[in-house]
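Within every chain, numbering begins at 1; the chains are lettered A, B, ... in the order of the sequence lines, protein sequences first and strands thereafter. The structure presented is a predicted model; accordingly, all values stated were derived computationally and were not measured.
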Amino acid sequence: MKNVEIVKIFEEIADFLEILNENPFRIRAYRKAAKTVEALAEPVDTLTPEELIKLPGIGKDLAGKINEYIETGRISLHEELKNKIPEGLLNVMKIPGVGPKTAAFLYEKLNLKNIDELEKALFEGRLKGLPGFGPKTEENLRKGIMMFKKGRERIPLSKALPIAREIAHVLKEKSGVKKIEIAGSIRRWKETVKDIDIICATDKPEMVTLAFVKIPGIKEVIAKGPTKVSVIHKSDIQVDLRVVEEKSYGSALAYFTGSKEHNIRVRDLARQKGLKINEYGVFKESDETFIAGQKEEDVYCAVGLPWIPPELREDRGEIEAALKNKLPEIIQLSDIKGDLHIHSNYSDGAHSIEEIVISSIKRGYSYIAITDHSKGLGVARGLTEERILAQKEEIEKLARRYPEILILHGIEVNIQPDGSLDLPDEVLQELDIVIASVHSAFKQSENEMTERVIKAIKNPFVHIIGHPTGRLLGQREPYSINIDEIIRNAKKYGKFLEINSYPLRMDLNDINARKAKDLEVKVVINTDAHATAQLDYIIYGISVARRAWLEKNDILNTMKTEELLELIKK
DNA sequence: GCCGTTTTCGGCCCGACTGTTTTCAGTCG
């Protein structure tokens with residue numbers, strides 16, 4: 001898609017301009033435009049020049065550059081910059097601790113054009129004596145290069161969240177800590193995160209920062225000042241702690257929850273009101289009078305906004321909605337009435353149906369669906385028609401024993417490479433609920449895959465398309481599929497799309513789930529649990545839904561039992 | 001390079017920490 005390519009080029013232009021020490025606002029304009037194109041739902045080449053110019057941060061010049069790329073496949077400014085500056089410097093800038101100034105300086109002084117040359121120069125001691133390069137800087141460069149080579153890839157939320165919670169929990173008990181909360185992208189429930197941010201209110205900052213660096217599991221202290229400490233946890237995740245006075249707690253929390261784009265918009269509103277926002281509070285611009293800061297609500301209120309849930313803070317329209325008081329009432333855990341994708345020990349699940357039923361009743365669910373794999377998935381002991389009948393009998397028996405919950409007999413049927421299902425319609429017809437999922441031939445072309453799934457959508461006995469894009473965070477890219485086309489067909493044939501809560505899936509993702517909402521396609525938030533404890537994964541699916549602005553009515557399994565039965569009968 | 005409820009010019013978010021310097025530039029978030 002051209003969008004991705006344009007984003008990359010704009011980012012590179014910004015990097016090059018930084019090396020050239022250009023006007024910082026011009027540089028920011030390129031970065032902002034890159035963000036805008038990145039967030040765009042439709043391909044840029046479907047937009048007219050007039051529509052392009054209306055996009056935020058894209059004016060006459062940048063619209064022209066986008067058009068130039070669409071027409072010629074290149075942007076002349078980008079080509080000129082590449083001729084002027086070695087591309088390797090862009091990587092040098094990616095070394096932690098190295099920015100445009102350092103990269104440019106090393107290039108000018110020592111003609112270092114890439115990381116390899118920098119490494120060699122370090123080894124040969126050629127940096128010694130350069131102004132500003134002491135022993136510490138050299139050491140940091142060595143470390144930085146190592147970090148870069150290791151690849152600072154983003155961490156799945158499900159890995160970072162438990163670590164963050166553990167650290168916050170330990171720190172909470174330390175004396176001096178009045179309030180503590182996880183901030184940053186974890187608080188926004190972003191599917192992957194770069195580091196862990198923790199905000200703490202205290203009167204005794206030095207006590208808290210000292211306790212923090214002593215927490216078991218902290219292996220290295222990167223930076224430690226009176227109010228801010230950065231450490232590396234043994235899991236190699238960076239943890240940043242920020243301590244403030246209680247009266248600044250809300251503004252610090254807002255500030256470090258981000259996103260950056262969201263904060264910039266909020267500050268912009270503040271500026272228009274003659275106010276200034278930083279991590280210490282909201283102040284009058286004229287005389288620095290403290291206006292607000294203790295609670296997040298107060299900070300938003302000061303600029304004329306209602307409190308905005310962290311999951312929405314991405315500058316994807318939430319500011320505009322908040323200004324009109326039209327923020328969505330995004331769903332909560334308590335809205336979920338049941339889980340419609342659970343595996344039992346009939347296939348590859350760990351627990352019996354009865355154990356699942358008991359665990360679900362404990363969670364207060366009104367209904368669940370047992371959806372084991374169908375026979376095609378040999379590795380998962382997929383069910384044959386005979387086993388399905390046996391399962392049906394057991395479910396009927398359990399239904400009599402546990403009348404407080406509705407147990408639906410379902411299946412997760414395989415969508416085969418040709419789009420057919422690996423159980424005949426006569427069998428599917430007998431089941432209460434049918435999820436159809438792709439589990440094989442991931443490498444098909446976008447056309448083949450899209451047609452394949454659409455064929456499954458058209459099957460009258462299929463209710464839900466499971467994990468529609470097949471991605472596994474950090475392990476497997478989504479398969480090539482035209483998700484817009486899938487959503488349109490789900491709409492046309494009255495089918496539901498799954499938000500699979502399995503932590504590495506979170507599939508649909510937030511962007512696609514919001515597209516589904518826009519086209520009025522209901523989604524269903526399932527866990528795909530293979531053990532009763534995994535029913536807790538529902539929080540990850542809910543976070544996707546919240547980030548996608550989904551409300552109760554957009555979701556199948558928030559419905560009351562009767563409504564659900566009515567909907568899946570159709 | 002973008003943008004406009006004091007503006008088509010003159011603004012553009014804001015502060016902490018490090019390493020080296022001797023008052024601050026560079027980097028980061």
Side-chain angles (χ1 to χ4, degrees), chain A residues 10 13-14 17-19 21-36 52-66 77 92-106 127 129-141 143-144 147 152 183-185 193-199 205 209 221-231 238-244 248 251-252 254-283 285 288 303-304 315 323:
Chain A
F10 278 2
I13 290 177
L17 294 176
E18 274 198 304
I19 293 175
N21 203 14
E22 262 275 356
N23 174 2
F25 299 108
R26 186 180 172 210
I27 295 163
R28 191 187 296 171
Y30 277 96
R31 297 211 193 278
K32 184 167 199 284
K35 286 271 179 203
T36 299
L52 275 177
I53 227 164
K54 282 205 192 96
L55 295 171
I58 294 181
K60 206 170 137 211
D61 184 275
L62 291 180
K65 291 200 164 67
I66 292 174
L77 173 63
V92 174
M93 275 171 67
K94 286 190 194 127
I95 299 169
V98 179
K101 296 288 177 343
T102 312
F105 180 79
L106 290 172
L127 269 57
L130 284 182
F133 285 80
K136 281 272 181 116
T137 305
E138 277 198 36
E139 184 51 34
N140 286 341
L141 277 173
K143 270 195 203 164
M147 292 275 272
R152 300 243 306 138
S185 43
V193 305
K194 203 160 65 66
D195 54 18
I196 295 171
D197 292 294
I198 296 176
I199 304 299
T209 51
V221 179
I222 305 178
K224 184 169 179 297
T227 68
K228 188 183 158 187
V229 192
S230 296
V231 301
Q238 180 170 332
V239 189
D240 296 335
L241 173 73
R242 192 59 197 261
V243 289
V244 292
S248 299
S251 40
Y255 190 95
F256 289 102
T257 296
S259 67
K260 196 173 160 188
E261 290 73 25
H262 173 89
N263 284 349
I264 288 176
R265 292 295 308 277
V266 175
R267 285 220 199 86
D268 198 42
L269 289 176
R271 232 170 2 96
Q272 289 172 23
K273 288 183 182 293
L275 301 172
K276 184 181 84 170
I277 301 182
N278 57 30
E279 53 262 62
Y280 300 109
V282 184
F283 302 87
E285 213 159 25
E288 303 272 309
V303 298
D315 192 20
L323 282 169

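Among the heavy atoms of the strands, none lies under 4.0 Å from A:I53. Counting non-hydrogen atoms under 4.0 angstrom, A:L55 reaches the backbone sugars and phosphates but no base. Among the heavy atoms of the strands lying under 4.0 Å from A:K260 is at least one base atom, whether or not backbone atoms are also near. At a threshold of 4.0 angstrom between heavy atoms, the contacts of A:P226 are confined to the sugar-phosphate backbone, with no base atom among them. Across all strands, A:K273 comes closer than 4.0 Å to no nucleic acid atom at all (heavy-atom distances). Across all strands, A:P24 comes closer than 4.0 Å to no nucleic acid atom at all (heavy-atom distances). Residue-level contact check: A:Y255 touches the bases, meaning some heavy atom is under 4.0 Å from a base atom. Within 4.0 Å of A:V266, counting heavy atoms only, lies no atom of the nucleic acid at all.
Put simply, CD1 on A:I277 is 12 Å from P on B:dG15, counting in whole angstrom units. The distance between atom CZ of A:F133 and atom P of B:dT20, rounded to the nearest whole Å, is 10 Å. Distance CZ (A:R271) to P (B:dG4): 12 Å, rounded to an integer number of Å. Distance, A:M93 CE to B:dG29 P: 13 Å, rounded to whole Å. The interatomic distance linking A:Q238 (CD) with B:dT27 (C1') rounds to 13 Å, in whole Å. One can place CZ of A:F10 at 13 Å from C1' of B:dC2, the figure rounded to the nearest angstrom. Protein atom CG of A:L130 is 11 Å distant from nucleotide atom P of B:dT21, rounded to whole Å. Look at CD1 on A:I222: it is 11 Å from P on B:dG19, rounded to the nearest Å.
Comparing B:dG19, B:dT27, B:dG1 against the side chain of A:T137 picks out B:dG19 as the nearest. Among the nucleotides B:dA16, B:dC14, B:dT18, the one closest to the side chain of A:A223 is B:dT18. With B:dC12, B:dC2, B:dT27 as the candidates, the nucleotide lying closest to the side chain of A:F25 is B:dC12. Side chain of A:R267, nearest nucleotide from B:dT20, B:dG26, B:dC14: B:dC14. The side chain of A:T227 has B:dC17 as its nearest neighbour among B:dG1, B:dG26, B:dC17. Of the candidates B:dA16, B:dG29, B:dT27, the closest approach to any side-chain atom of A:D240 belongs to B:dG29. Comparing B:dG1, B:dT20, B:dA16 by their closest approach to the side chain of A:Y30 singles out B:dG1. Considering only the side chain of A:L62, B:dC2 comes nearest among B:dA16, B:dG29, B:dC2.
Checking B:dC12 for Watson-Crick or G-U wobble geometry (two distances, each under 3.5 Å) identifies B:dG1 as its partner.
With hydrogens and angles ignored, the 3.5 Å screen pairs no side-chain donor or acceptor of A:D61 with any backbone N or O of A:G64.
Checking the phosphate oxygens (OP1, OP2) of B:dG15, a side-chain nitrogen or oxygen of A:K276 falls inside 4.0 Å. Listed pair A:N140 / B:dT18 fails the phosphate criterion, with no side-chain N or O lying under 4.0 Å from OP1 or OP2. For A:K194, a side-chain nitrogen or oxygen approaches OP1 or OP2 of B:dG29 to under 4.0 Å. One finds no side-chain N or O of A:S230 lying less than 4.0 angstrom from the OP1 or OP2 phosphate oxygen of B:dC17.
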Full working for salt bridge (Lys or Arg N to Asp or Glu O under 4.0 Å) between A:E18 and A:R31 = CA-CA 11 Å; A:E18 274 198 304; A:R31 297 211 193 278; 2.8 Å; yes
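Using a 4.5 Å heavy-atom threshold, the side chains of A:V231 and A:Q238 count as separate. Between A:D240 and A:I196 the shortest side-chain heavy-atom distance does not fall below 4.5 Å.
Applying the 90° cutoff around 0 to the glycosidic angle, B:dT7 is assigned syn.
Nucleotides B:dT8 and B:dC2 have their C1' atoms positioned 12 Å apart, rounded to a whole Å.
For the atom pair A:L269 CG and A:L275 CG, the distance stands at 10.0 Å (nearest 0.5 Å).
Using a 4.0 Å cut-off between a side-chain N of Lys or Arg and a carboxylate O of Asp or Glu, A:R271 and A:D268 qualify as a salt bridge.
Between A:F133 and A:F105, the two ring planes are parallel [angle under 30°; tilted spans 30° to 60°].
Looking at A:D197, its side chain has no donor and acceptor atom pair within 3.5 Å of the base of B:dG29.
Comparing A:Y280 and A:G134 by the nucleotide of DNA chain B whose heavy atom lies nearest to each, the residue mapping closer to the 5' end is A:Y280.
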